[in-house]
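Shown next, in C-alpha cells, is the structure this report addresses.
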Amino acid sequence: QVHLVDSGGDSVQVGGSLRLSCRTSGFAWGLNCMAWFRQAPGNRREGVATIFTGGSGTEYADSVKGRFTISQDVAKKMVFLQMDDLRPEDSGMYFCAAVTGGYCHGKLGVVSDFPYWGQGTQVTVSS
C-alpha cells in the first residue's frame, strides 16, 4: 500500500527558508514521478515541482524557479522541497504526490495524474 507522509511546514518571515520532506513507502523507488503541489484557501491546487525518481529530471512552476529545489534521497525513498526566498504568495498547504511506473513529462500541475497524496503540511509566510 502506497503511503506518503509530508512534513516540514512552518511559519516564516518573508525571505526565509524551509525544507519540506516527503517520506514514502509501499512502492519501489524506480521509475516514478514525484511532485509537490500547493493550495491556498479558495484557490486551486497548483503544481510546484516534479522529479523523476529514475534519473535527475526536474521541472518547476515559473513562480518558484530559482527559489525552490526538489530533490530525492534514493536510499531513504524520500523527496524534499528546499524553499528559499519565501514570499507571502508561497503560503498554503503543500502536498507531496506520486505516480508509480511513469515519467514526469507533462505532469507538472496535473492533479489527476497523481493517484497518491500525502496529508499536507502548512507553510505560512508573513511580512
Side-chain angles (χ1 to χ4, degrees):
Q1 183 178 358
V2 176
H3 196 47
L4 308 179
V5 178
D6 312 321
S7 63
D10 205 344
S11 295
V12 297
Q13 293 195 325
V14 169
S17 297
L18 283 173
R19 187 188 194 217
L20 306 184
S21 299
C22 175
R23 189 173 71 249
T24 75
S25 61
F27 63 97
W29 202 256
L31 305 178
N32 311 299
C33 181
M34 300 295 300
W36 286 98
F37 286 76
R38 67 185 181 188
Q39 188 169 21
N43 289 1
R44 290 173 43 195
R45 192 167 295 191
E46 62 173 351
V48 175
T50 61
I51 186 167
F52 175 57
T53 63
S56 58
T58 59
E59 189 175 4
Y60 297 91
D62 288 343
S63 59
V64 306
K65 280 180 182 176
R67 300 188 299 120
F68 290 14
T69 304
I70 188 170
S71 62
Q72 62 177 315
D73 185 320
V74 175
K76 295 182 179 178
K77 297 178 65 176
M78 295 183 68
V79 173
F80 306 97
L81 186 68
Q82 177 66 40
M83 307 187 295
D84 299 318
D85 189 22
L86 283 161
R87 305 167 182 171
E89 55 265 37
D90 295 318
S91 297
M93 188 71 78
Y94 281 69
F95 299 89
C96 176
V99 53
T100 58
Y103 293 90
C104 289
H105 180 67
K107 290 187 172 65
L108 180 63
V110 183
V111 172
S112 59
D113 277 352
F114 294 88
Y116 306 111
W117 292 83
Q119 82 286 358
T121 186
Q122 180 68 38
V123 172
T124 303
V125 185
S126 57
S127 55

Gap separating the CG atom of L86 from the OG atom of S127, nearest 0.5 angstrom: 13.0 Å
Q39 CD to E46 CD distance, which is reported to the nearest 0.5 Å: 9.0 Å
Shortest non-hydrogen pair, G47 vs A61, comes out as O-CB, 3.4 Å
Does Q119 have more than 12 heavy atoms from other residues, nucleotides or ligands lying within 6.0 Å of its CD? yes
Under 3.5 Å: donor-acceptor pair, side chain of Y60, backbone of I70: yes
For residues F114 and V48: do they belong to one hydrophobic cluster (side chain heavy atoms under 4.5 Å, members Ile, Leu, Val, Met, Phe, Trp, Tyr)? no
Look only at the side chain of T24 and the backbone of K77, and say whether a donor-acceptor pair between them is shorter than 3.5 Å. yes
For the backbone of R67 and the side chain of D85, can you confirm whether one donor and one acceptor N or O come within less than 3.5 Å of each other? no
Which heavy atom of A40 sits nearest a heavy atom of S91, and at what distance? CB-O, 3.9 Å
Got C104 and E59 here, is their nearest side-chain heavy-atom distance under 4.5 Å? no
Validation row: V111, F37 side chains within 4.5 angstrom (heavy atoms): yes
Measure the shortest side-chain to side-chain distance between Q82 and F80 over non-hydrogen atoms and say whether it is less than 4.5 angstrom. no
Would you say that M78 contacts S21 through its side chain, given a criterion of any heavy-atom pair below 4.5 Å between the two side chains? yes
State whether the number of non-hydrogen atoms from other residues, nucleotides or ligands found under 6.0 Å of R45 atom CZ is greater than 12. yes
Given 3.5 Å as the limit, does a donor-acceptor pair link the side chain of Q72 with the main chain of G55, or not? yes
What about the rings of Y116 and F27, do their centers lie closer together than 6.0 Å? no
Taking V99 as the starting point, is it possible to reach W117 by hopping between hydrophobic residues whose side chains are less than 4.5 Å apart? yes
What's the spacing between H105 NE2 and T50 OG1 if we round to 0.5 Å? 11.0 Å
Contact between W29 and M34 at the side-chain level, heavy atoms closer than 4.5 Å - yes or no? yes
Side-chain (T53) to main-chain (N32) donor-acceptor, under 3.5 angstrom: yes
Qualifying residue, where the test is side chain to side chain contact (heavy atoms under 4.5 Å, CB included) with L81 and the options are L18, T69, L20, V123: L20
Could you check whether any side-chain heavy atom of S63 comes within less than 4.5 Å of a side-chain heavy atom of R38, counting everything from C-beta outward? yes
Same hydrophobic cluster for V2 and W36, using side-chain heavy-atom links shorter than 4.5 Å among ILVMFWY? yes
Between D62 and K65, is there a side-chain N and carboxylate O pair less than 4.0 Å apart? yes
Do L4 and F52 land in one hydrophobic cluster if side-chain heavy atoms of ILVMFWY residues count as linked below 4.5 Å? no
Can you find a pair of side-chain heavy atoms, one from M83 and one from D90, that are under 4.5 Å apart? no
Flag side-chain contact, heavy atom, 4.5 Å: S17 against V12: no
hydrophobic_cluster_shared for V125 and Y94, side chain cutoff 4.5 Å: yes
